Every structure is written in structure tokens, then in C-alpha cells.
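Counting convention: from 1, in listed order, for ligands and their atoms alike. These figures come from a predicted structure and were not determined experimentally.
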Amino acid sequence: MRVELAAVYGFCPGVRRAVAMVEAHLRGRGALSTLGAIVHNAQVVEELARKGARVVEDLSEVREGAVAVTAHGAGPGVYEEIRRRGLHLVDTTCPIVRRAQEAAHRLSEEGFTVLIYGEAAHPEVGGLLAWTGGRGLATLDPQEAGRVQGPRLALISQTTKDAEAFWEFAQAVTWESRGRLRELRALDTTCPETGRRYRAAQDLAQRVQAIFVVGSRNSANTRRLAEVVRATGVQTHFIESADEIRPDDLAGLSAVGVTAGASTPDEAVRAVLARLRELGGEP
Ligand code: SF4
């Protein structure tokens, strides 16, 4: 049985950078709090906790020391409070999220109402909204554009959304807003990394009979990756760890593939490859 790894899989550069920054702080300066989980993966969070990184949901839970902002970023109020309280900041905001925040801020300063294509409850979107200074709203429904007050509207996207879906949204908003707006601007702030994992998995699906998608069940990006794989028609197994692979899953197969979401660490993928080798797989 042949085992093939997707050409692009696992940690994206933004998450890899965030974990490395937190680990460097833990090694050099000791314990810190992180404002939310640094990555949506229970094993990585547990490992970091063992080394001294405590997850908090709110700054009020941090009395002293260092605090890390995650790759999803945070609003300007969070930075102000960290500065005012004299806490040490470890800012792991992904540079691609930072660009979206800058766009949200600049467009709102220029007088646009900023409509964010994304989920209002997502931490990254919360940060983007905060950067609009109260002149933004977030939605996935183009009809919401009807709620926008004022003649100028700007559209940006949550970074992990699909670029094509964002442009479809922009097209629908344009239609919904006809005759009401004087100016409409759309800025694609999506991140190419998510799409790269999808395309590599679709490509892999053409050469194998089954794909193991490795990642945490609480990771939205891994769940979506599993959906993309399933839609190709290939046999799909969404697993959190190597020990979920049963010999029966491989019965009669001559080629299987492996991919992983943007929040899945390399060790989890290595463990899956080792388990497949144990069960007769070869690279
Ligand atoms: S998915 Fe893209 S925007 Fe999000 S952390 Fe990774 S590199 Fe940054």
C-alpha cells in the first residue's frame, strides 16, 4: 500500500510563527498568559501549558507578567490596556491578519462603513471590527448590506475565508446596494494558505483511494478541509490522532493519502505516517 502526503499540509506560516514566538518567550523569560488558545489544537495547547503558557479568555484574568496576543490578533483596546497596566506584550498577530486590520482601520478613517465578510463571533473578526472604531459590521449574508448607513461602503474579508466566496459576496452586495451608495470598495484580505491546503488535498485525492485528514475536531479549518476532501468522492477519515486508524480502514486499498489542517502540528502527522507504516504502508 502506497502512502502519499499532500504537497501542502499542516501548520500555516502564521501559526508556526506564533508557536515559535511563545516557545522562545517560555525558554528565555518564563511563564506567560495567552489571550485565547495560540492554536486550535488540544495537544499543542497542553504541551505549551506544561511549559508555562496559561490560556485566559480575558485580560482581566492576567494580574502581572507577560501576555501573548494570538495569530488572530486583537483590537486596539487590548493593546492600550496592556500598555496601561505595564504588562509585557508578546504580539504573535499574523502579518496577513495585521494587513487586514490596517485596511479596516484605514478605510473607516477615510469615512467608509466597513462590511467584513466573516463570522462575527470569530476572534479575528472581533479584532477587525474593533479596528473599525465602531464603523463596521460582520456578516456572511449579502442582504445585511441593506443595514449600512451612509453613502460609502468598503468590503474586506476574514482572512481564512475562500477568496472566490468573498468575490461572490462582493458581487451580491453590489447588487443589494444598487441605487443607495455613492462609493463601494472591495479589498481581498483573504489568506492564500487555506486555499493552498484545499487544492493540494484535491490533487492528492486523484491519486489515492482514501485520505486521512489529521487535526483537532474543534479546528474549523480542519473540518472544512475534511469537507473539501469528502466532496472529491474519495474515502475520507477525519482523525485527531494516529491510534484512531484501524486495520479495517485500509482493507483492500493500494494507495492512501494524508493531509492536515493549518493548526495541526508536524508531530501529529509524523505519528499518523508511522502508524500507516506499521500497518503495511510504504512511502
Ligand atoms: S491561515 Fe493565513 S492569516 Fe491565518 S494565521 Fe495562517 S498564515 Fe496567517
Side-chain angles (χ1 to χ4, degrees), residues 6-25 34-45 48 53 55 68-75 78 89-106 114 116-132 138 140 155-167 169 186-202 213-229 259-266 268-269:
V8 186
Y9 66 92
F11 271 5
C12 65
V15 167
R16 202 175 284 283
R17 175 179 171 272
V19 172
M21 285 175 79
V22 166
E23 282 185 331
H25 180 93
T34 71
L35 263 182
I38 276 292
V39 48
H40 296 293
N41 184 286
Q43 291 138 289
V44 181
V45 171
L48 290 174
V55 179
V69 166
T70 71
H72 291 317
V78 170
L89 170 67
V90 179
D91 189 357
T92 77
T93 305
C94 172
I96 294 173
V97 175
R98 167 83 65 230
R99 274 206 291 280
Q101 292 174 340
E102 284 164 2
H105 183 61
R106 188 182 65 246
V114 181
I116 300 162
Y117 175 63
E119 286 124 32
H122 190 281
E124 179 200 313
V125 177
L128 291 175
L129 281 170
W131 281 99
T132 70
L140 295 171
L155 308 180
I156 62 170
S157 179
Q158 180 179 341
T159 58
T160 44
K161 292 288 170 211
D162 179 56
E164 205 170 308
F166 168 71
W167 285 111
F169 174 81
L187 201 63
D188 181 356
T189 53
T190 59
C191 169
E193 285 299 325
T194 323
R196 288 180 70 212
R197 274 154 195 71
Y198 297 160
R199 281 190 296 279
Q202 285 164 332
V213 182
V214 192
S216 207
R217 289 190 226 287
N218 70 2
S219 154
N221 79 72
T222 311
R223 281 202 305 267
R224 175 80 188 112
L225 179 63
E227 277 168 27
V228 167
V229 171
T259 185
S263 48
T264 308
D266 298 342
V269 177

Engineer: For atom CZ of Arg98, is the number of surrounding heavy atoms from other residues, nucleotides or ligands below 6.0 Å larger than 12?
Structural biologist: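 Enclosed: over 12 neighbouring heavy atoms sit under 6.0 Å from CZ of Arg98.
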Engineer: Under 30°, 30 to 60°, or over 60°: which ring-plane class applies to Phe166 and Tyr117, parallel, tilted or perpendicular?
Structural biologist: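 If you compare the ring of Phe166 with that of Tyr117, the planes turn out tilted.
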Engineer: Apply salt bridge (Lys or Arg N to Asp or Glu O under 4.0 Å) to residues Arg197 and Glu193 and explain how you reach the verdict.
Structural biologist: CA-CA 7 Å; Arg197 274 154 195 71; Glu193 285 299 325; 2.9 Å; yes
Engineer: Between Thr189 (side chain only) and Thr159 (backbone N and O only), is there a donor and an acceptor less than 3.5 Å apart?
Structural biologist: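 Not a single qualifying donor-acceptor pair exists.
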Engineer: Please could you name the atoms of ligand 1 that Thr159 approaches to less than 4.0 Å, counting only its heavy atoms?
Structural biologist: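 Those of ligand 1 that fall under 4.0 Å from Thr159 are 3 (S).
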Engineer: Which heavy atom of the protein is the closest neighbour of atom 6 (Fe) of ligand 1, given with residue, atom name and distance?
Structural biologist: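 Here the closest protein heavy atom is Cys12 SG, 2.2 Å.
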Engineer: Starting from atom 2 (Fe) of ligand 1, locate the nearest protein heavy atom and write down its residue, its atom name and how far away it is, to 0.1 Å.
Structural biologist: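 Checked against all protein heavy atoms, atom 2 (Fe) of ligand 1 sits closest to Cys191 SG, 2.3 Å.
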Engineer: Using 2.8 Å as a strict upper limit, say whether an N, O or S atom of Cys94 approaches atom 8 (Fe) of ligand 1 that closely.
Structural biologist: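 Yes.
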Engineer: Under 3.5 Å, is there a donor-acceptor pair between the side chain of Trp131 and the main chain of Ala74?
Structural biologist: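 Yes, Trp131 side chain to Ala74 backbone: donor-acceptor pair under 3.5 Å.
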Engineer: Measure the distance from atom 7 (S) of ligand 1 to every protein heavy atom, then report the residue, atom name and distance (to 0.1 Å) of the closest one.
Structural biologist: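 Closest protein heavy atom to atom 7 (S) of ligand 1: Gly14 N, 3.5 Å.
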